[in-house]
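Just so it is clear, the structure is predicted and the values come from calculations on it, not from any experiment.
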Amino acid sequence: MNPLDLVGFSGRALRTWFGRLPSPYKLTFSVTERCNLRCRSCNIWRSRRADELSYEEIDRFFAANPSLRWVDLTGGEITLRPDILDITRSAIRHLPHLFQFHFPTNGTRPAEAEAVAATAVSMGVPKVVVSVSMDGPPDLHDAWRGMPGTWASAVETYLRIRDIRRAEVYFGMTLGRDNLSLIFPCLDALARRIPGLTARDLHVNIAHESFYYGSPEIAPLDPPAAADALRRFMQARGFSANPVHLLEMLYQRKVPQYLRSGHSPVPCQALSSSLYLDPGGVVFPCTAFPARLGSIRDTDYALDALWRSPEAVSLTADIRQKRCPGCWTPCEAYQSIIANLPKIATWRVC
């Protein structure tokens with residue numbers, strides 16, 4: 001990694017210490033709602049929307065917003081778009097300062113996910129990160145995903161991407177009441193299949209309800225039980241200076257506080273440094289707050305007019321005053337943690 005890439009990214013991110021940025025540096029972009037699974041915790045597969053942005057529109061969008069430095073492509077399952085490699089190339093070609101390119105995958109299309117990661121690496125993105133969804137041990141994972149064989153294909157996806165030099169890949173486990181106690185059984189099952197796998201290869205977060213994926217009602221986690229499970233998991237992982245691991249550790253430390261309050265434990269950066277773009281081109285503050293800012297189809301695909309609009313300024317104030325649904329998802333939490341690093345010395349497991 002070129003040190004100048006990290007310096008440029010860090011400089012932009014740390015400017016959030018001093019207030020709202022003139023343009024976002026992070027984009028979460030759902031390129032499709034198509035999905036080939038029937039997960040219990042997500043209803044996005046029921047979507048039949050016919051207004052997805054075309055590749056030509058997406059290409060215009062990235063060309064019109066060259067200041068983005070961190071892009072998360074999500075879905076649905078992004079590899080179900082036959083033009084996903086073209087979309088990947090477009091983002092990297094048009095974003096000269098792109099530092100991090102991340103995408104999650106359900107792991108059912110190993111070759112296609114491998115191709116996306118390999119394309120991003122080959123085009124020189126400094127940091128390429130892939131998360132492969134994992135719910136627990138094989139039988140539970142397949143049952144929750146609604147399709148046999150999904151655990152095995154997720155493992156294959158992980159192994160394929162792990163072999164790509166300069167790509168980071170990990171399993172991502174979303175915790176709810178039914179699998180909170182299964183972190184270590186999940187790790188044990190994965191370690192039996194993948195020699196050398198450790199707790200650092202599993203990243204965990206907590207389940208949320210969201211307009212974005214139409215989730216069914218989710219039973220809230222018990223704060224003491226979550227705190228105990230996460231404390232034991234963090235002890236197993238140990239300290240790491242890897243930026244992704246460090247952010248996750250800080251995220252996990254604040255999960256119990258979020259569960260007690262229902263609000264981000266630190267000032268949220270939605271609409272201060274980041275935003276969410278849905279498959280049809282509509283801009284929202286984040287994946288949890290269904291406050292529509294407008295469509296890029298009405299602004300010649302540029303974000304500036306929407307980002308600087310009175311509505312955006314007003315919504316930013318609402319978010320800062322916690323007049324929003326409230327969440328602690330990694331999609332929003334990680335950039336919020338970066339923006340509040342001066343307070344990091346006071347953070348404790350609580």
Peer 1: Can you spot which of Asp72, Val71, Leu68 makes a side chain to side chain contact (heavy atoms under 4.5 Å, CB included) with Lys26?
Peer 2: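 Filter result, single survivor: Asp72.
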
Peer 1: Within 45 degrees of the ring normal and closer than 6.0 Å to the centroid, is that where the cationic atom of Arg20 sits relative to Trp307?
Peer 2: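 Because its charged atom sits under 6.0 Å from the ring centre and within 45° of the axis, Arg20 does stack over Trp307.
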
Peer 1: Checking one residue: Val313. Which other hydrophobic residues are in its cluster under the side-chain 4.5 Å linking rule?
Peer 2: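 Its cluster partners, ordered by chain and number, are none at all.
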
Peer 1: Supply the members, apart from Tyr170, of the Ile/Leu/Val/Met/Phe/Trp/Tyr cluster built from side-chain contacts under 4.5 Å; use none for a lone residue.
Peer 2: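 In the cluster with Tyr170 are Val129, Val244.
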
Peer 1: Please determine whether a side-chain nitrogen of the Lys or Arg among Glu168 and Lys127 lies less than 4.0 Å from a carboxylate oxygen of the Asp or Glu.
Peer 2: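 Looking at Glu168 and Lys127, the cut-off is met.
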
Peer 1: With the threshold set at 4.0 Å, does a side-chain nitrogen-carboxylate oxygen contact exist between Arg93 and Asp59?
Peer 2: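 Salt bridge present between Arg93 and Asp59.
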
Peer 1: Distance-only, no hydrogens or angles: does the Asn65 side chain make a donor-acceptor pair with backbone N or O of Tyr301 under 3.5 Å?
Peer 2: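 Yes, Asn65 side chain to Tyr301 backbone: donor-acceptor pair under 3.5 Å.
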
Peer 1: Are the side chain of Thr32 and the backbone N or O of Gly75 linked by a donor-acceptor pair below 3.5 Å?
Peer 2: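 Answer holds: no.
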
Peer 1: Check side-chain hydrogen bond (donor to acceptor under 3.5 Å, both in side chains) between Ser261 and all other residues, then give those that pass, not counting sequence neighbours.
Peer 2: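 Listed in chain order: nothing, the list is empty.
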
Peer 1: Run the side-chain hydrogen bond (donor to acceptor under 3.5 Å, both in side chains) test against Arg323 and tell me which residues pass, sequence neighbours left out.
Peer 2: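 side-chain hydrogen bond (donor to acceptor under 3.5 Å, both in side chains) check on Arg323 returns Asp318.
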
Peer 1: For Arg192, which residues count as a side chain to side chain contact (heavy atoms under 4.5 Å, CB included) partner, sequence neighbours excluded?
Peer 2: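 Per chain and number, Arg192 pairs via side chain to side chain contact (heavy atoms under 4.5 Å, CB included) with Asp188, Ala189.
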
Peer 1: Holding to ring pair (Phe, Tyr, Trp, His ring centres under 6.0 Å), I want the full list of residues that pass it with Phe171, two or more places apart in sequence or in another chain.
Peer 2: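 Partners of Phe171 by the ring pair (Phe, Tyr, Trp, His ring centres under 6.0 Å) criterion, ordered by chain and then number, come out as Tyr158.
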
